[in-house]
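Quick note on labels: first sequence line is chain A, next is B, and so on, each numbered from 1. The figures here come from the full heavy-atom set of this structure, side chains too, leaving out hydrogens, waters and symmetry mates. It should be emphasised that the depicted structure is a prediction, and the values quoted were computed from it without experimental measurement.
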Amino acid sequence: MTPRVRFAPAPTGFLHVGSARSALFNWLFARNQGGTMVLRVEDTDASKKTQEFVDAIVEPLQWLGIDWDEGPYFQSDRRELHAVAVQQLVDSGRAYFCDLSREDIDAKAEEAGLPPGYHGWSRDRDVADGPGVVVRFRAPGEGSTVIDDEIRGMVEVQHSTVEDFVIRRGDGSPVFLIANAVDDYEMGITHVIRGEDLLNTAPKVVLLWNALGYGKPPTYAHLPLLVNDQGKKLSKRRDSVALGAFRKEGYLPEAMVNYLALLGWGPADEVEVRPLSEIVELFSLDAVNKAPAMFDRKKLDHINGEYINAMSPAEFVAAAEPWLTGTDTLWPAEAYRPEVAEALAPELQQRISKLSDAAGWLSWLFVAPSDYDEKGWTKAMVKGRVADRVLDNVIAALETIDFHDPEAIEAAVMGVGADLTEELSDRVLSQAPVRVALTGGGAGIPLWQAMSLLGDDECLARLRAARARLD
RNA sequence: GCCCCAUUCGUCCAGCGGCCUAGGACGCCGGCCUUUCACGCCGGUAACACGGGUUCGAAUCCCGUAUGGGGUGCCA
């Protein structure tokens with residue numbers, strides 16, 4: 001039997017990194033096994049599908065390179081099937097109607113001195129169906145259900161701990177437990193791969209599955225949770241988890257997916273950064289870890305940096321374009337010169353870990369620095385030896401050379417340092433004042449080629465401006 | 001409270017009874033290279049939660065304890 005898996009997100013806002021990881025592991029398993037991946041939207045809560053869903057779920061999945069073979073199916077389109085299953089359970093006596101509210105239940109539990117929860121009060125009350133009436137599953141009470149989990153092994157849950165849970169709401173809509181059982185059965189799902197936070201619901205679905213006479217339930221595989229640096233489940237509230245936000249920050253999809261694959265799983269050969277195709281080949285569910293995994297930005301950044309560094313200059317400039325031509329840049333849009341960015345790309349690529357970092361390193365090539373970095377200025381101009389003479393001599397030297405030749409520029413600037421060193425018998429670093437004068441800061445990409453691209457007029461103008469400021 | 005799950009360097013992963021004086025990666029700390037910052041290279045730091053078993057032999061199997069996490073809804 002060829003495996004069939006499903007990724008079944010609830011359409012609540014954006015795609016979360018945790019969900020993306022679940023989608024990825026389903027996908028890796030399916031592709032590794034030559035199986036089928038189904039996309040199913042768990043919108044039992046009668047929400048809006050269409051564009052909003054596409055933007056929130058489909059688009060990010062496509063960005064990551066996760067595709068599917070069937071769907072998207074919408075649970076809301078399958079209400080009839082769910083209703084039939086509920087009816088079947090009611091007819092067979094496996095489920096019954098209940099009109100107790102949450103308050104009623106709490107009050108009854110307290111009154112009876114029982115632990116909080118529903119204790120089967122409506123089982124024999126013969127409540128009639130109607131508005132606001134729910135359907136509850138009649139839990140067995142005795143015995144146990146064993147979940148055969150590919151990652152965790154056999155997980156046994158005593159039925160005495162399973163209360164008569166709701167399978168249909170008061171408004172007639174099905175709860176995901178019954179929808180899951182019906183849809184997984186109807187769609188022939190063989191492996192249910194999802195987060196560990198759903199492990200507790202598995203026995204309930206299996207109970208329904210068996211009550212419906214579906215035969216052998218699917219194999220489960222509960223993935224370890226993704227947690228924050230405090231060891232808590234990643235949540236929308238306190239953690240930055242929207243996949244779209246990572247994209248905006250300049251993470252590459254290849255890096256993102258590579259990193260996500262490493263959370264809860266690792267290849268035996270210990271090679272971490274590698275193409276997705278290789279990960280597909282090596283992936284196996286029983287090699288997935290059981291312990292929660294911390295989502296670590298630093299490692300993500302490192303991997304992203306490796307992918308950035310591996311790009312060709314042209315690819316890099318194309319990928320970084322949104323961050324170089326946008327409205328957030330320090331320079332006017334018309335000042336941007338892609339050929340300059342491409343020429344300097346190799347130097348940039350080894351220095352940045354996110355595409356959004358590119359602009360900061362390149363800024364001075366498209367607009368004169370509005371101000372000098374105070375520390376850089378002090379170090380190079382004030383504390384730096386004889387900065388005034390260095391600049392005078394550099395300006396004079398640059399006026400006579402061919403600016404198309406980066407090596408000539410280097411020779412001119414460095415020659416000034418060497419000459420002064422000889423004269424003063426103490427080392428003079430001529431590069432520092434030049435860098436501050438041109439870029440405004442004390443650190444950056446190598447100067448010579450960049451100066452050549454900037455041009456003699458602009459370089460000289462900035463050098464003279466800095467020199468004037470020294471007087 | 002009750003139920004479920006987990007526990008190898010700070011972090012992610014390798015390890016699936018002997019190859020482990022526990023390996024890789026990120027981070028961190030040194031050094032080399034370099035008239036900037038990086039990259040690169042070299043080196044270092046640091047872990048089998050604890051206690052009992054089982055076994056000739058345990059990080060690996062079993063049981064407890066501790067700690068952490070998840071669930072406990074007419075959310076999924």
Take atom [atom1] in [N] and the same atom in [M], then report the distance between them in whole Å.
N	M	atom1	answer
rG70(B)	rG51(B)	C1'	26 Å
rA46(B)	rG30(B)	C1'	15 Å
rC50(B)	rA66(B)	P	16 Å
rC2(B)	rA14(B)	C1'	37 Å

Base, sugar-phosphate alone, or nothing: which one does [X] contact when heavy atoms must sit under 4.0 Å apart?
X	value
V166(A)	sugar-phosphate
A10(A)	sugar-phosphate
P224(A)	nothing
A287(A)	sugar-phosphate
G195(A)	nothing
A432(A)	nothing
R102(A)	sugar-phosphate
D229(A)	nothing
G444(A)	base
L226(A)	nothing

4.5 Å side-chain heavy-atom contact, R125(A) and D99(A): yes
Mutual orientation of the aromatic rings belonging to W209(A) and Y185(A) [parallel < 30°, tilted 30-60°, perpendicular > 60°]: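 The rings of W209(A) and Y185(A) stand perpendicular, inter-plane angle above 60°.
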Geometric class of the Y372(A)/W377(A) ring pair [parallel <30°, tilted 30-60°, perpendicular >60°]: tilted
Exercise answer: donor-acceptor pairs, residues 218-225 of chain A side-chain atoms, under 3.5 Å, sequence neighbours excluded:
unit_1	atom_1	unit_2	atom_2	d
H222(A)	ND1	D149(A)	OD2	2.7
H222(A)	NE2	R194(A)	NH1	3.0

Closest listed nucleotide, where the reference is the side chain of [X] and the choices are [options]:
X	options	value
E196(A)	rG69(B), rA25(B), rG71(B)	rG69(B)
L198(A)	rA6(B), rU11(B), rA76(B)	rA76(B)
H302(A)	rU36(B), rC26(B), rC12(B)	rC26(B)
V155(A)	rC5(B), rC3(B), rC74(B)	rC5(B)

Filtered N/O pairs between nucleotides 20-24 of chain B and protein, under 3.5 Å:
unit_1	atom_1	unit_2	atom_2	d
rG23(B)	N2	E270(A)	OE2	2.7
rG23(B)	N3	E270(A)	OE2	2.9
rG24(B)	O4'	E270(A)	OE1	3.0
rG24(B)	N2	E272(A)	OE2	2.7

Summary of salt bridge (charged side-chain N to carboxylate O under 4.0 Å, His left out) pairs that have at least one residue in residues 287-313 of chain A, sequence neighbours excluded: E249(A)-R297(A), E272(A)-K299(A)
Centroid-centroid under 6.0 Å between Y251(A) and Y307(A) rings: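 They do not qualify: ring centres at least 6.0 Å apart.
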Cation-pi geometry met for R78(A) and F74(A) (6.0 Å, 45°): no
Base of rC37(B) paired with side chain of R351(A) (donor-acceptor, under 3.5 Å): yes
